[in-house]
Amino acid sequence: MEVLHISAECFPVAKVGGLADVVGALPKYQNNLGVSAKVIMPFYLNKFTKNRKFDLLFQGSLALGDKNYTFQILNLKIKLGFPLFLVKIPELLYRENVYGYDDDTERFLAFQIAVLDWVLQNKKKPDLVHFHDHHTGFIPFLMSHAKKYKVLKEIPTVLTIHNAQYQGQFEYDKLHLIPGFDKKHIGLLDWSGQINPLATAIKCAWKITTVSPSYLVELSQHANGLENLLAHEKQKSLGVLNGIDTKVWNPETDNMLKKNYALTNVQSGKKFNKKLLCKQFNLDPEKPLFSFIGRLVYEKGADLFPEAFYKTLLKHDINILVLGSGNLETESQLKTLTTTFSDKYNVYIGYNEELAHQIYAASDFLLMPSRVEPCGLNQMYALRYGTIPIVRSIGGLKDTVIDIDDEGGFGICHDLVSVEDIIYSIGRAVEFYKDQKEFKKVRRNCMKIDHSWDKSAKEYLSLYKSLIN
Ligand code: GLC
């Protein structure tokens with residue numbers, strides 16, 4: 001069975017968020033199960049693409065409205081555990097960032113057109129197309145209704161929703177950019193008077209998955225305007241919990257750590273990593289270390305951090321370390337806090353994969369007070385590194401973290417997203433940390449939890465099989 005994943009991000013080539021981790025890991029595990037899984041993504045101008053070699057597989061030109069663009073399909077020479085193809089369109093995709101340009105609509109439309117043009121001319125077609133989030137949302141519409149791609153109509157399509165907050169909607173003045181289709185289908189593009197790629201994908205995909213079971217349930221209530229549509233398409237939707245790449249995320253072999261450790265030497269291993277990190281950030285290794293890693297945005301509850309941290313640090317003798325970037329106001333407030341608490345608090349504004357690994361290894365607790373969390377991978381990385389997650393019970397966090405007061409519990413959970421809940425939960429953690437015997441036991445239990453992709457890759461396989469027959 002040949003499956004083509006289509007995505008805007010894929011680790012380690014280009015990563016903004018968890019989407020990249022999923023697309024960079026799931027195909028590996030699928031290949032272990034005998035599926036031939038491949039990935040196609042845009043060719044960006046970044047460190048990864050600058051330093052690698054590629055084979056040219058195909059050259060073509062595509063029309064976007066009245067403009068023409070030449071494109072190339074390249075094949076990455078080194079092995080990632082699955083074949084990786086990239087679409088190079090110099091004027092549109094070959095830029096430093098993945099998102100955030102005024103012409104993102106044009107960029108990702110051109111990407112999708114190039115992918116389908118290439119698939120169309122390949123003799124061997126995939127048995128199934130698995131596409132991710134709104135950047136690739138027109139794929140099933142084009143395959144079913146664009147005149148040019150009609151021969152692809154019988155190929156089943158699966159949409160995975162990693163985040164329904166972002167939908168890529170735009171106005172009808174850009175309708176002409178979409179390859180020719182029978183206008184009686186125009187309603188499939190529409191949601192609330194705009195062209196909405198995510199809504200189109202939800203309507204047209206053969207099956208929909210969300211990245212955790214709880215998120216699927218929550219989407220009928222909160223989906224940034226798509227609640228009714230998602231409720232309506234419920235019968236073809238399924239929640240499949242993400243896994244993690246346990247080869248990339250393994251404290252025993254992780255070459256980004258200064259000292260590796262396993263279950264048998266977790267105490268000394270974490271202690272060593274904590275000492276180094278605390279030195280780097282002027283923190284006290286004798287005190288518990290609470291961290292946050294991720295985008296500093298509203299969805300993640302990051303806007304509450306400045307006040308919550310200020311009040312917590314006045315009250316408790318702990319360290320807090322933040323790694324991330326996002327909302328500029330939050331960034332600046334978090335930076336300002338360092339002047340008040342220079343020896344118990346620090347922040348690194350930016351994206352730094354290596355530092356993220358070191359923080360998981362060094363921390364005692366990881367904070368995730370998300371407003372929305374479709375799955376969340378960081379709590380699973382934390383568990384694997386023996387770091388206790390403190391989460392708001394929502395989406396994937398609800399599906400993966402059990403409170404220490406409940407049977408078999410290993411995390412700290414709160415229900416609301418508020419400054420008070422964050423402070424209260426940190427207070428519980430401080431108390432818990434005092435009982436070192438229990439703390440160390442739970443820490444070991446965390447490390448034993450298996451969140452590798454093995455299980456979920458099998459769920460995807462049976463979903464694919466149900467579509468392919
Ligand atoms: C998005 C979601 C996150 C999820 C990730 C991978 O980034 O916000 O919760 O873990 O996608 O599916």
Side-chain angles (χ1 to χ4, degrees), residues 5-30 39 41 98-100 130-137 158-168 198 201 208-219 222-224 226 230 237-246 248-249 292-302 324-327 351 353 356 360 366-384 389 391-401 417 451-453 455-457 459-460:
H5 287 273
I6 311 178
S7 171
E9 301 178 35
C10 177
F11 181 82
V13 188
K15 170 169 169 175
V16 178
L19 167 64
D21 287 356
V22 170
V23 178
L26 174 61
K28 283 190 209 170
Y29 286 77
Q30 293 183 319
V39 175
M41 68 177 300
V98 175
Y99 316 114
H130 189 156
F131 64 104
H132 301 262
D133 276 353
H134 75 84
H135 330 99
T136 57
V158 174
L159 158 70
T160 292
I161 302 178
H162 297 260
N163 196 336
Q165 292 298 110
Y166 304 101
Q167 301 169 2
L198 185 63
I208 301 167
T209 70
T210 61
V211 290
S212 71
S214 286
Y215 187 51
L216 179 60
V217 176
E218 291 160 10
L219 280 176
H222 305 282
N224 204 5
L226 298 183
L230 282 154
S237 309
L238 178 77
V240 181
L241 189 70
N242 282 338
I244 60 172
D245 189 330
T246 49
V248 174
W249 297 95
F292 172 84
I293 300 174
R295 286 176 298 127
L296 297 170
V297 295
Y298 182 79
E299 269 172 58
K300 304 288 176 197
S325 62
N327 182 283
Y351 166 82
E353 195 70 18
Y360 288 116
L366 185 81
L367 295 163
M368 294 182 77
S370 305
R371 287 196 172 79
V372 184
E373 198 59 84
C375 176
L377 298 168
N378 292 5
Q379 79 279 19
M380 303 194 224
Y381 299 146
L383 291 170
R384 185 133 168 92
V391 307
R392 179 197 176 206
S393 290
I394 185 93
L397 296 173
K398 192 168 162 183
D399 293 342
T400 52
V401 182
V417 189
H451 275 301
S452 84
W453 268 106
K455 184 165 165 272
S456 304
E459 281 182 60
Y460 274 115

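Each ligand, and each atom within it, is numbered from 1 in the order the structure gives. Just so it is clear, the model here is predicted, and its values are computed rather than measured.
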*Starting from atom 8 (O) of ligand 1, locate the nearest protein heavy atom and write down its residue, its atom name and how far away it is, to 0.1 Å.*
P374 CD, 3.5 Å

*Six-ring centre of Y360, R384 cation under 6.0 angstrom, axis tolerance 45°*: no

*For ligand 1, which atoms have a heavy atom of K300 less than 4.0 angstrom away?*
8 (O)

*Does some non-hydrogen atom of C375 fall short of 4.0 Å from ligand 1?*
yes

*Please could you name the atoms of ligand 1 that N242 approaches to less than 4.0 Å, counting only its heavy atoms?*
6 (C), 10 (O), 12 (O)

*Which bit of V22 is near ligand 1, meaning a heavy atom under 4.0 Å away: side chain, backbone, both or neither?*
side chain

*Just jot down the ligand 1 atoms closer than 4.0 angstrom to any heavy atom of G18, in number order.*
5 (C), 6 (C), 7 (O)

*For atom 2 (C) of ligand 1, find the nearest protein heavy atom and state the residue, atom name and distance (0.1 Å precision).*
H162 O, 3.2 Å

*Which atoms from ligand 1 have a heavy atom of G376 less than 4.0 Å away?*
3 (C), 4 (C), 9 (O), 10 (O)

*ligand 1 and E299, any nitrogen or oxygen pair closer than 3.5 angstrom?*
no

*asked:* Whether the Q379 and Y381 side chains hold a donor-acceptor pair (N or O, under 3.5 Å, no angle test) is what I'd like checked.
replied: no

*Is the backbone N or O of K15 less than 3.5 Å from a side-chain atom of E9, with the two atoms forming a donor-acceptor pair by type?*
no

*Is there a donor-acceptor contact under 3.5 Å linking the side chains of E299 and Y166?*
yes

*asked:* I'd like to know if K300 pairs up with E373 as an ion pair, taking the criterion as any Lys NZ or Arg NE/NH1/NH2 lying under 4.0 Å from an Asp or Glu carboxylate oxygen.
replied: yes

*Which of the atoms of ligand 1 are close to V211, meaning less than 4.0 Å from one of its heavy atoms?*
12 (O)

*Do you see a donor-acceptor pair shorter than 3.5 Å between the side chains of T246 and Y29?*
yes

*Donor + acceptor pair across side chains of T400, H451 (<3.5 Å)*: no

*Which ligand 1 atoms does L19 reach within 4.0 Å, using its non-hydrogen atoms?*
5 (C), 6 (C), 11 (O)

*No-hydrogen, no-angle side-chain donor-acceptor test under 3.5 Å, D399 and Y215*: no

*asked:* So for atom OH, which belongs to Y351, do other residues, nucleotides or ligands contribute more than 12 heavy atoms lying within a distance under 6.0 Å?
replied: yes

*Identify, by atom number and element, the atoms of ligand 1 in contact range of N163, meaning under 4.0 Å from any of its heavy atoms.*
8 (O)

*With a cut-off of 4.0 Å, which atoms of ligand 1 are near a heavy atom of L377?*
10 (O)

*Do any nitrogen or oxygen atoms of E373 lie less than 3.5 angstrom from nitrogen or oxygen atoms of ligand 1?*
yes

*What distance do N242 atom CG and L19 atom CG have between them, rounded to the nearest 0.5 Å?*
9.5 Å

*Counting only heavy atoms, which portion of T160 has something under 4.0 Å from ligand 1: side chain, backbone, both, or neither?*
neither

